[in-house]
Amino acid sequence: MTEANVKTKLKKEDLVQVISGKEKGKQGKIVRIERDKGRAIVQGVNMVKKAMKKKSQNDRGGIIEIEAPVRLCNMMIVCKKCGPTRLGYKLEGDAKKRVCRKCGEAL
Ligand SMILES: [Zn+2]
């Protein structure tokens with residue numbers, strides 16, 4: 001089964017909540033979407049420790065924490081009013097606007 005080029009309504013800077021897995025319930029903004037892999041980097045979510053190599057004599061190297069990607073199917077956009085919700089679209093003239101499916105608020 002391939003998940004190449006997953007269709008998603010999510011965009012960079014969207015506030016999302018993780019809905020399954022060990023990071024369930026955590027919220028953060030999307031930093032980067034890797035559409036071809038069906039996943040995204042979410043700020044402060046799914047942190048993993050990574051060893052850094054020394055780059056210079058002044059650099060001590062060591063362990064840093066970075067965000068590991070979260071699968072797009074494991075996250076939902078967060079509506080200010082309703083919390084985690086599904087995205088819908090609303091037509092306004094020629095423009096397609098993303099809205100909350102529950103309350104219709106623009107997202
Ligand atoms: Zn809403």
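Order of appearance sets the numbers: ligands from 1, and atoms from 1 within every ligand. Owing to the predicted nature of the structure, the values given are computational and were not obtained by experimental measurement.
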Quick check for you: within a radius under 2.8 Å, how many protein N, O or S atoms neighbour the Zn ion (ligand 1)?
4
Kindly indicate, with the supporting measurements, whether the criterion side-chain contact (heavy atoms from CB on, under 4.5 Å) is fulfilled by Ile30 and Met75.
CA-CA 10 Å; Ile30 294 180; Met75 61 181 78; 4.3 Å; yes
Between [X] (side chain only) and [Y] (backbone N and O only), is there a donor and an acceptor less than 3.5 Å apart?
X	Y	result
Arg39	Leu72	no
Glu34	Ala40	no
Glu67	Gly44	yes

Applying side chain to side chain contact (heavy atoms under 4.5 Å, CB included) to Lys11 and not counting sequence neighbours gives Asp14, Arg98
May I have the step-by-step check of side-chain contact (heavy atoms from CB on, under 4.5 Å) for Val70 and Ile41, ending in yes or no?
CA-CA 6 Å; Val70 179; Ile41 303 286; over 6 Å; no
